[in-house]
Amino acid sequence: MQFDKEKIRSTLGERSKNDEGIGFIESTKEVLDFDEITQEVADRFRNKRPMGSCDALHIKDEGHIYLLEFKNARKSQIGKRFFLQKAYDSALTLAFAFFPNLSLEEIKEKLYLIVVYNDGSVIEQEEKSESFQAIKDEIRRLSGRKESILFGLGVYEGILYKKVLTVNKEVFMEEVYKEIF
């Protein structure tokens, strides 16, 4: 599918903005506006019926394709299943619009989903529970995972995405950002 490059070109900072225009990632790194891409696909092939979509698409190289979703809210304010439809629709839209000659299995080997939330978006921070954190750490240790996947998105890791990350803004900027860009 062909897209108007000027219409879909954006920056990471722009894509992190919410409906009120408030962003929380300061970056001029170029990405594609995946919301706009998805809207064009829906208008053309779904009789303008809406589809869920991630905010940004970044194709680093042939083996690393990143779909990024930004939520300027702390994780406790985001519904457990908020991102499931977006993650599903986004993977299929990407396959249809960019890689029609590849199977979903082939795309999965290159595709990463990163959800970035902003626990610092609220002045009053939640109280931390040491016992609850210990339970979460033990479950993570037993499962062999370094980090937990939030919002129920773990169901898509290995199915639609090679890896799914759900990270706070600080972790994203300090660790993940430099790996992607």
Side-chain angles (χ1 to χ4, degrees), residues 1-73 77-79 81-118 121 151 153 156-157 159-169 171-173 175-181:
M1 221 177 132
Q2 296 293 324
F3 298 97
D4 179 347
K5 290 184 191 220
E6 289 305 312
K7 200 171 182 181
I8 64 171
R9 185 175 298 160
S10 189
T11 66
L12 201 61
E14 281 295 313
R15 299 310 313 138
S16 78
K17 290 182 178 179
N18 62 16
D19 293 339
E20 291 79 38
I22 300 168
F24 69 100
I25 301 292
E26 292 183 28
S27 173
T28 58
K29 293 291 185 181
E30 191 170 301
V31 295
L32 299 178
D33 180 342
F34 202 69
D35 287 326
E36 179 61 35
I37 290 167
T38 301
Q39 184 62 52
E40 287 186 33
V41 169
D43 288 352
R44 186 167 176 195
F45 297 102
R46 288 181 42 101
N47 198 25
K48 299 187 179 187
R49 288 183 311 179
M51 297 168 57
S53 65
C54 290
D55 296 313
L57 168 64
H58 176 65
I59 301 174
K60 180 178 179 177
D61 55 43
E62 191 176 298
H64 297 88
I65 302 165
Y66 299 95
L67 283 168
L68 299 113
E69 176 66 20
F70 300 100
K71 191 69 174 160
N72 195 7
Q77 295 176 320
I78 302 168
R81 305 270 181 218
F82 179 80
F83 298 113
L84 287 175
Q85 192 65 48
K86 284 183 176 217
Y88 181 83
D89 287 352
S90 293
L92 296 182
T93 299
L94 180 76
F96 177 77
F98 285 83
F99 305 105
N101 297 326
L102 295 179
S103 70
L104 285 176
E105 187 65 28
E106 292 170 306
I107 294 168
K108 175 200 68 168
E109 292 304 316
K110 315 166 187 256
L111 188 56
Y112 299 81
L113 174 63
I114 302 171
V115 174
V116 183
Y117 54 89
N118 188 9
S121 69
F151 318 116
L153 290 169
Y156 293 138
E157 187 170 83
I159 304 295
L160 292 174
Y161 295 92
K162 183 172 186 171
K163 185 152 181 76
V164 175
L165 291 174
T166 53
V167 296
N168 191 335
K169 169 191 171 184
V171 172
F172 177 75
M173 293 306 294
E175 298 174 23
V176 180
Y177 181 87
K178 56 187 158 195
E179 292 293 320
I180 297 173
F181 299 99

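Note that these values count all heavy atoms, side chains included, but never hydrogens, waters or copies made by symmetry.
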Within-4.5 Å side-chain heavy-atom neighbours: [X] and [Y]:
{"X": "Leu165", "Y": "Val115", "result": "no"}
{"X": "Phe99", "Y": "Leu104", "result": "no"}
{"X": "Phe34", "Y": "Leu68", "result": "no"}

Hey, does the side chain of [X] reach the backbone of [Y] with a donor-acceptor pair shorter than 3.5 angstrom?
{"X": "Glu157", "Y": "Val164", "result": "yes"}
{"X": "Ser16", "Y": "Ile25", "result": "yes"}
{"X": "Asn118", "Y": "Lys169", "result": "no"}
{"X": "Glu106", "Y": "Ser103", "result": "yes"}
{"X": "Asn18", "Y": "Glu20", "result": "yes"}

Which pair of heavy atoms, one from [X] and one from [Y], lies closest together, and at what distance?
{"X": "Leu111", "Y": "Leu160", "value": "CD2-O, 3.6 Å"}
{"X": "Met51", "Y": "Ala42", "value": "SD-CB, 4.0 Å"}
{"X": "Ser53", "Y": "Ser90", "value": "CA-OG, 3.2 Å"}
{"X": "Arg81", "Y": "Leu84", "value": "CD-CD1, 2.9 Å"}
{"X": "Lys110", "Y": "Leu102", "value": "CE-CD1, 4.1 Å"}
{"X": "Asp89", "Y": "Gly52", "value": "OD2-N, 2.8 Å"}

Electrostatic pair Asp33:Arg15 at N-O distance under 4.0 angstrom: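 Between Arg15 and Asp33 there is a salt bridge, with a charged N closer than 4.0 Å to a carboxylate O.
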query: With the threshold set at 4.0 Å, does a side-chain nitrogen-carboxylate oxygen contact exist between Glu14 and Lys17?
result: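 A salt bridge links Glu14 with Lys17.
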task: Please test Tyr161 against Leu67 for side-chain contact (heavy atoms from CB on, under 4.5 Å), starting from the C-alpha separation and ending with a verdict.
output: CA-CA 10 Å; Tyr161 295 92; Leu67 283 168; 3.7 Å; yes
- prompt: Checking side-chain hydrogen bond (donor to acceptor under 3.5 Å, both in side chains) for the pair Gln39/Asp43: CA distance, chi angles, key distance, verdict?
  reply: CA-CA 6 Å; Gln39 184 62 52; Asp43 288 352; 2.6 Å; yes
- prompt: Think Lys71 forms a cation-pi with Phe82, using NZ or CZ under 6.0 Å from the six-ring centre and within 45 degrees of its axis?
  reply: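 Yes, cation above the ring, under 6.0 Å and within 45°.
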Crowded around [X] [atom1]? As in, over 12 foreign heavy atoms under 6.0 Å?
{"X": "Tyr88", "atom1": "OH", "value": "no"}
{"X": "Lys7", "atom1": "NZ", "value": "no"}
{"X": "Arg46", "atom1": "CZ", "value": "yes"}

Drop me the distance from [X]'s [atom1] to [Y]'s [atom2], to the nearest 0.5 angstrom.
{"X": "Tyr66", "Y": "Lys162", "atom1": "OH", "atom2": "NZ", "answer": "9.0 Å"}
{"X": "Leu57", "Y": "Ile65", "atom1": "CG", "atom2": "CD1", "answer": "7.5 Å"}
{"X": "Glu40", "Y": "Thr93", "atom1": "CD", "atom2": "OG1", "answer": "12.0 Å"}
{"X": "Asp4", "Y": "Arg9", "atom1": "CG", "atom2": "CZ", "answer": "9.5 Å"}
{"X": "Glu69", "Y": "Ile78", "atom1": "CD", "atom2": "CD1", "answer": "9.0 Å"}
{"X": "Asn168", "Y": "Met173", "atom1": "CG", "atom2": "CE", "answer": "12.0 Å"}

message: One pair to check against side-chain contact (heavy atoms from CB on, under 4.5 Å): Phe24 and Val116. What are the steps and the verdict?
response: CA-CA 10 Å; Phe24 69 100; Val116 183; 3.8 Å; yes
field: Intermediate values then yes/no, side-chain contact (heavy atoms from CB on, under 4.5 Å), Phe172 and Ile114
entry: CA-CA 9 Å; Phe172 177 75; Ile114 302 171; 4.1 Å; yes
message: Run the side-chain contact (heavy atoms from CB on, under 4.5 Å) test on Lys29 and His58 for me, step by step, so that the C-alpha distance in whole Å, both residues' side-chain angles and the decisive distance to 0.1 Å come before the verdict.
response: CA-CA 10 Å; Lys29 293 291 185 181; His58 176 65; over 6 Å; no
- request: Return the orientation label for the His64 and Tyr112 ring planes: parallel under 30°, perpendicular over 60°, tilted otherwise.
  value: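 His64 and Tyr112: parallel rings.
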message: Is there a side-chain hydrogen bond (donor to acceptor under 3.5 Å, both in side chains) between Thr166 and Tyr117? Walk through the geometry before answering.
response: CA-CA 8 Å; Thr166 53; Tyr117 54 89; 5.9 Å; no
message: Quick check on the 6.0 Å ring-centre criterion: do Tyr156 and Phe83 meet it?
response: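 Here the rings of Phe83 and Tyr156 have centres that are no less than 6.0 Å from each other.
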